Amino acid sequence: MKNLKRLLVCCFTLWIGMTVLSAQSLESIEPGKKWLDTKGEHINAHGGGVLFYEGKYYWYGENRPERGFTTKVGVEVYSSTDLMNWTDEGVALAVSEENGHDIERGCIMERPKVVYNDKTKKFVMLFHLELKGKGYAAARVGFAVSDTPTGPFRFIRSLRPNAGQWPKDFSEKDIKKAKKLNPSDYKEWWTPQWRKAVNTGLLLARDVPGGQMSRDMTVYVDDDGKAYHIYSAEENLTLNIAELTDDYLDYTGDFIRIAPGGHNEAPTIFKRNGMYWMITSGCTGWDPNEARMFTSSSIWGPWEQLPSPFVGEHSEKTFYSQGTYILKVHGTEDTFIFMADRWYPRSLKNSRYVWLPISFKEDGTPEIRWHDSWSLK
Ligand code: GAL
């Protein structure tokens, strides 16, 4: 009896201890460490993005399983007022149980980004979608909407962007040249001839009829309310920036290509003092590589490529992470956070987050340094 009492007291103390620990409020961001939500669970919102709405931040990301690479649950959403302590708000967009549905359980939903449309008062989610059982061949973008930030979001459709359209900076002559190219004449990749053909529009032209491939992606809303979908097209060889319609649910048809053949993934973007900055990764799957940076004074380019903004030890591997979003902290002019994933392909659910502050050189060029721990206060 005494022993049982002791055991019960022990269990109770342990339970209280665990509750206190898990409810402990975080005072800093520790890149690469397990990041516990307010219930004490590691946050499951990978490849994510953050939206600020009416006093709260919402973090949307891939809910990934312990094992495996396909989507079993959907897009998860967390909320926070301080960017450190996050409450799990549940599944914002759930997979469908219907056979053959675009977002049927077992599809792959990646890199969701949610933006608020001031005109329609709707929350719009775009995400990279791969159809069930097709690996990464579908290369589509999915659209979903909701009246509230936490959802549930309603899936609208998936597609490949800009079917029938040519980039806005392509002249009639450029289109003619691109149309003449035939992928079967360039079976060997990475030769100088192949590079030239890709640049001229070998894969662009191939995909014009059905729409451009769309894999790693982000969405950017500019100061004037116009939104842009930025995605890896042409077998991940070329980035596209495509303007969305006023309701953010379709394309206006205006798009440009950035760094054709440059093999850029994981696009992230922000604007500061009238300059746009884009930070991307190379293409090595779940393995980290060196980030790239581009800048332009107009969203429509020309985009100039600069060296990686990462400095210090392991900067050549982007501190073992891959970007997913750049967040401008609400109410600040100059506080930007580079959000990245440190992928654990053996257990994607347990992948870590690497959030780092962006600093600026005197000439305005962004720089990102490692911090074991940092805070916004
Ligand atoms: C990465 C990409 C991830 C995921 C992964 C699959 O390059 O950034 O979002 O698609 O490949 O291998």
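Just so you know, ligand 1 is whichever comes first in the structure, and atom 1 is the first atom listed for that ligand. Please read these numbers as outputs of a predicted model, since none were measured by experiment.
A salt bridge links D250 with R157; the closest basic N to acidic carboxylate O contact falls under 4.0 Å. Salt-bridge check for K119 with D247: failed, with every basic side-chain N at 4.0 Å or more from each acidic carboxylate O.
At distances below 3.5 Å, not a single donor-acceptor pair connects side-chain atoms of T318 with backbone N or O atoms of Y320.
Centroid-to-centroid, the aromatic rings of Y53 and F123 come within less than 6.0 Å.
Legend: side-chain hydrogen bond (donor to acceptor under 3.5 Å, both in side chains) pairs involving residues 94-109, not counting sequence neighbours, sorted by first then second residue: E97-R105, D102-S158, E104-K132.
With hydrophobic clusters built from ILVMFWY side chains whose heavy atoms lie under 4.5 angstrom apart, V115 shares a cluster with V141.
Sorted by chain and number, the residues within 4.0 Å of ligand 1 by heavy atom are E110, R111, Y136, D216, E265, G285, W286, Q322.
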